[in-house]
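Notes for the one structure printed next.
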Amino acid sequence: MTAVSNTSQRQTALDVAAGMGRRLADDETLARAVRRASLDTSFPAVGWRSHSLAAGLPSLALLSAALDRLEPGRGWDRVGHSQLQRALDAVANVNPTVSLFSGLAGVGFAAQALAAGRDRYERLLASIDAEVAPRAQAIAARLGEADGCGAADFDVISGVSGVGAYLLLRRDYSTPSEALLSVLTALATLLADTSEPRRWHTPAEHSSESMLAAFPDGHHNCGLAHGLPGPLALLSIASLAGVEVDRSQTAIGVAAHWLAMHADDNGRGPDWPNAVAATGGPQGRPATTSPSRPTWCYGSAGVARSLWLAGEALDHDVYRELALRAMRAAVDQPLRERGIISPTFCHGIAGVLQITTRFAGDTGLPEFADAADTLLADLLAEHEPGALLGYRDVEPADNRVDQPGLLDGACGIALVLLTAGGGPADWDRAFLLS
C-alpha cells in the first residue's frame with residue numbers, strides 16, 4: 001500500500017530502503033554501527049541487543065522479509081534466514097522474556113514474516129508458541145485480578161498487548177489461539193472498568209522515576225507505547241479480525257470514551273498528555289501544560305490511530321471523527337516545529353509517516369495523502385548517504401547516532417520507506433497500527 005502520489009519520491013524511497021537493507025545485511029557494517037552507537041549514544045540502556053525486535057537481529061530479519069516480498073528471487077529470504085538464526089543463537093545466551101520488543105514473541109514475529117504464508121519455520125514457530133503461550137496466560141491471569149499494574153505487564157513494548165499482536169498472527173493454531181483469548185479477556189476486564197482510578201492505572205510502586213516525580217500517587221498512561229491506547233488498539237484489531245471475547249466491545253467503548261474525555265485542545269485540535277494522575281477526581285491532572293509531540297509512542301498521532309481502530313471496531317462515528325481531528329492537528333505544521341527532530345520510528349518522522357499512510361489508505365482523504373507526500377519528502381531530506389547506515393537517530397542536543405534497530409534506528413526507517421514506495425505494510429502490526 002502507499003498513499004504517496006509522487007512517483008519519483010516513491011522510487012527514491014524504494015531505492016534508499018533497499019540500499020539500507022544491503023548495508024544492514026553486511027556483517028562488518030553492522031558490527032561497526034553497533035560499536036559506534038554504543039560509544040556515541042546518551043542512552044546506552046536501550047542499545048543493541050541481538051535477540052530483540054526493538055534493536056536486534058529480529059528487526060533486520062523483519063526488514064529482509066519485507067524486501068523479499070518486494071524483490072523476490074534477490075536473496076533476501078536467505079539473508080533473513082541468517083539473521084533469524086543468529087537471533088536464535090543470541091536467545092540461547094540470555095533468559096528471554098516473552099515480550100514483543102525484547103523477547104520471544106519478537107523472534108516469532110520475525111519468523112512469521114519470513115514464512116510469508118509458506119511452509120517455512122513451522123517447527124520453530126511451534127516451539128516459540130509453546131514457550132510464549134503459557135507465560136502469556138500466566139501474565140493474563142495476574143492482570144485479570146489486578147487493581148493497578150505495571151506498564152510492562154500490559155503495554156505494547158514489554159507487556160501482553162505486544163505479545164497479543166504476535167498471538168493474533170498465530171490464531172489459526174490451537175496453542176497460541178487459547179493464549180490469545182486469555183490475553184484479550186484479561187485486557188477487556190481491565191479496560192471495561194469504570195472505577196477511579198481505573199484498574200489499569202500504574203501505581204506509584206510500578207512507576208518510572210520520571211513518572212513518579214510528576215505523579216507521586218500513580219498515573220494513567222496515555223501513550224500508545226506504554227499506556228491505554230495499546231491494549232485498546234489490540235482489542236479493536238482483534239475485533240475487526242473476528243476475534244472477540246466477553247466484554248470486548250464494552251471495553252473498547254469505555255477505553256475510547258476515557259481517551260475522548262481526557263483530550264486537551266492545543267489550539268489546533270485534540271491532543272493528549274503523556275499521563276493523567278491516578279488521583280484528583282475523574283479528570284485527574286495532565287502531566288504537563290504543554291502539548292505532547294504527535295508521535296507514535298506518545299501524543300496525538302498514536303492515540304488518533306488507536307481511536308480510529310476503536311471507531312472502526314464499534315462502527316462509531318464519534319471516535320472516528322475525533323481520530324481524524326487529532327490526526328489533522330498532528331500533521332498541520334512542520335514536525336520540527338513540534339519538537340520532532342529524529343527521522344526514526346518511535347518518536348520521529350518515520351512513525352508519523354506510517355500512521356499518516358494508514359489514515360490515507362483507510363479514509364481515502366486527499367489531505368492525508370498530501371500529508372504523506374510532505375512527510376516522505378521530510379524523511380528523504382534527512383537521508384545521509386555518507387552515514388554508515390544512511391540515517392542516524394538524532395538524540396537531544398543534536399547528538400547523531402548510527403542505530404541499526406527498529407524503534408530508534410535505520411531498520412524502522414527503511415521499513416517505512418518501503419511502505420511509502422508501495423511495498424508491504426503489514427509489518428506495522430508490531431506497532432498495533434493495523
Closest heavy-atom contact between [X] and [Y]?
{"X": "Val132", "Y": "Val98", "answer": "CA-CG1, 4.0 Å"}
{"X": "Leu234", "Y": "Val160", "answer": "CD2-O, 4.2 Å"}
{"X": "Cys222", "Y": "Val303", "answer": "O-CG2, 3.4 Å"}
{"X": "Leu379", "Y": "Pro343", "answer": "CD1-O, 3.5 Å"}
{"X": "Ser161", "Y": "Val156", "answer": "CB-N, 4.0 Å"}
{"X": "Asp393", "Y": "Ser342", "answer": "OD1-OG, 2.8 Å"}

Taking only residues two or more places apart in sequence, or in another chain, which ones meet [X] in a ring-ring contact (aromatic ring centres under 6.0 Å, His included)?
{"X": "Phe368", "value": "Phe359"}
{"X": "Tyr319", "value": "His316"}
{"X": "Phe431", "value": "Phe101, Trp296, Phe345"}
{"X": "Trp48", "value": "none"}

Give a yes or no on whether a salt bridge exists between [X] and [Y], defined as a side-chain N under 4.0 angstrom from a carboxylate O.
{"X": "Arg198", "Y": "Asp193", "value": "no"}
{"X": "Arg320", "Y": "Asp315", "value": "yes"}
{"X": "Asp129", "Y": "Arg170", "value": "yes"}
{"X": "Arg392", "Y": "Glu382", "value": "no"}

Looking at residues at least two apart in the chain, or sitting in another chain, which of them share a side chain to side chain contact (heavy atoms under 4.5 Å, CB included) with [X]?
{"X": "Asp172", "result": "none"}
{"X": "Ala165", "result": "Leu100, Arg429, Leu432"}
{"X": "Asp246", "result": "none"}

Among all residues two or more places apart in sequence or in another chain, which pass the salt bridge (Lys or Arg N to Asp or Glu O under 4.0 Å) test with Asp408?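 Listed in chain order: nothing, the list is empty.
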Hey, mind stepping through Cys149 and His206 against side chain to side chain contact (heavy atoms under 4.5 Å, CB included) and telling me if it holds? CA-CA 7 Å; Cys149 53; His206 293 298; 6.0 Å; no
Distance-only donor-acceptor pairs under 3.5 Å for side chains of residues 173-191, two or more places apart:
{"unit_1": "Ser182", "atom_1": "OG", "unit_2": "Glu178", "atom_2": "O", "d": "3.3"}
{"unit_1": "Thr185", "atom_1": "OG1", "unit_2": "Leu181", "atom_2": "O", "d": "2.7"}
{"unit_1": "Thr189", "atom_1": "OG1", "unit_2": "Thr185", "atom_2": "O", "d": "2.9"}

Sequence neighbours excluded - ring-ring contact (aromatic ring centres under 6.0 Å, His included) pairs with any residue from residues 140-167: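 As it turns out, there is no ring-ring contact (aromatic ring centres under 6.0 Å, His included) pair with a partner in residues 140-167 once direct neighbours are skipped.
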Pairs satisfying side chain to side chain donor-acceptor pair (under 3.5 Å), at least one member in residues 51-64, at least two apart: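 Passing the test, one end in residues 51-64: Ser64-Gln83.
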What pairs meet the side chain to side chain donor-acceptor pair (under 3.5 Å) rule with one or both residues in residues 142-158, with sequence neighbours excluded?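 Pairs touching residues 142-158 that pass the test: Asp155-His226.
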Between the side chains of [X] and [Y], is a donor N or O closer than 3.5 angstrom to an acceptor N or O?
{"X": "Ser239", "Y": "Gln249", "value": "yes"}
{"X": "Thr41", "Y": "Glu395", "value": "yes"}
{"X": "Trp427", "Y": "Thr419", "value": "yes"}
{"X": "Arg358", "Y": "Ser434", "value": "yes"}

Within-4.5 Å side-chain heavy-atom neighbours: [X] and [Y]:
{"X": "Leu84", "Y": "Pro58", "answer": "no"}
{"X": "Arg23", "Y": "Leu388", "answer": "no"}
{"X": "Trp308", "Y": "Met327", "answer": "no"}
{"X": "Asp378", "Y": "Thr374", "answer": "yes"}
{"X": "Val254", "Y": "Arg247", "answer": "no"}
{"X": "His262", "Y": "His220", "answer": "no"}
{"X": "Gln354", "Y": "Leu433", "answer": "yes"}
{"X": "Leu53", "Y": "Ser102", "answer": "no"}

Inter-residue atom distance [X].[atom1] - [Y].[atom2], 0.5 Å rounding:
{"X": "Ile349", "Y": "Thr356", "atom1": "CD1", "atom2": "OG1", "result": "11.5 Å"}
{"X": "Leu232", "Y": "Leu224", "atom1": "CG", "atom2": "CG", "result": "9.5 Å"}
{"X": "Leu63", "Y": "Leu418", "atom1": "CG", "atom2": "CG", "result": "6.0 Å"}
{"X": "Arg305", "Y": "Leu307", "atom1": "CZ", "atom2": "CG", "result": "11.0 Å"}
{"X": "Glu312", "Y": "Ile237", "atom1": "CD", "atom2": "CD1", "result": "11.5 Å"}
{"X": "Leu406", "Y": "Leu60", "atom1": "CG", "atom2": "CG", "result": "9.5 Å"}

Checking Asn221 against Leu228 for the side chain to side chain contact (heavy atoms under 4.5 Å, CB included) test, could you report, in this order, the C-alpha distance in whole Å, the side-chain angles of both residues, the deciding distance, and whether it holds? CA-CA 6 Å; Asn221 194 300; Leu228 177 63; over 6 Å; no
Look only at the side chain of [X] and the backbone of [Y], and say whether a donor-acceptor pair between them is shorter than 3.5 Å.
{"X": "Ser99", "Y": "Gly103", "result": "yes"}
{"X": "Ser300", "Y": "Asp271", "result": "no"}
{"X": "Arg199", "Y": "Gly144", "result": "yes"}
{"X": "Asn399", "Y": "Asp40", "result": "yes"}
{"X": "Thr344", "Y": "Cys346", "result": "no"}

Using the rule side-chain contact (heavy atoms from CB on, under 4.5 Å), only one of Val94, Asn93, Leu57 pairs with Ser50; which is it?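 It is Leu57; the other options fail the test.
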Under the criterion side chain to side chain contact (heavy atoms under 4.5 Å, CB included), I'd like the reasoning laid out for Glu196 against Thr279: C-alpha separation, chi angles, the key distance, then a yes or no. CA-CA 8 Å; Glu196 293 294 344; Thr279 58; over 6 Å; no
Take atom NE2 in His257; do more than 12 heavy atoms of anything else shown fall under 6.0 Å from it?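 No.
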Does atom CD of Glu131 have more than 12 heavy-atom neighbours, drawn from other residues, nucleotides or ligands, at distances under 6.0 Å?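 Not buried by this count: 12 neighbours or fewer within 6.0 Å.
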Angle class for the Trp200/Trp258 ring planes (parallel below 30°, perpendicular above 60°, tilted otherwise)?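 Rings of Trp200 and Trp258: perpendicular, as their planes differ by over 60°.
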What about the rings of Tyr391 and His383, do their centers lie closer together than 6.0 Å?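 Yes, the ring of Tyr391 comes within the 6.0 Å limit of the ring of His383, centre to centre.
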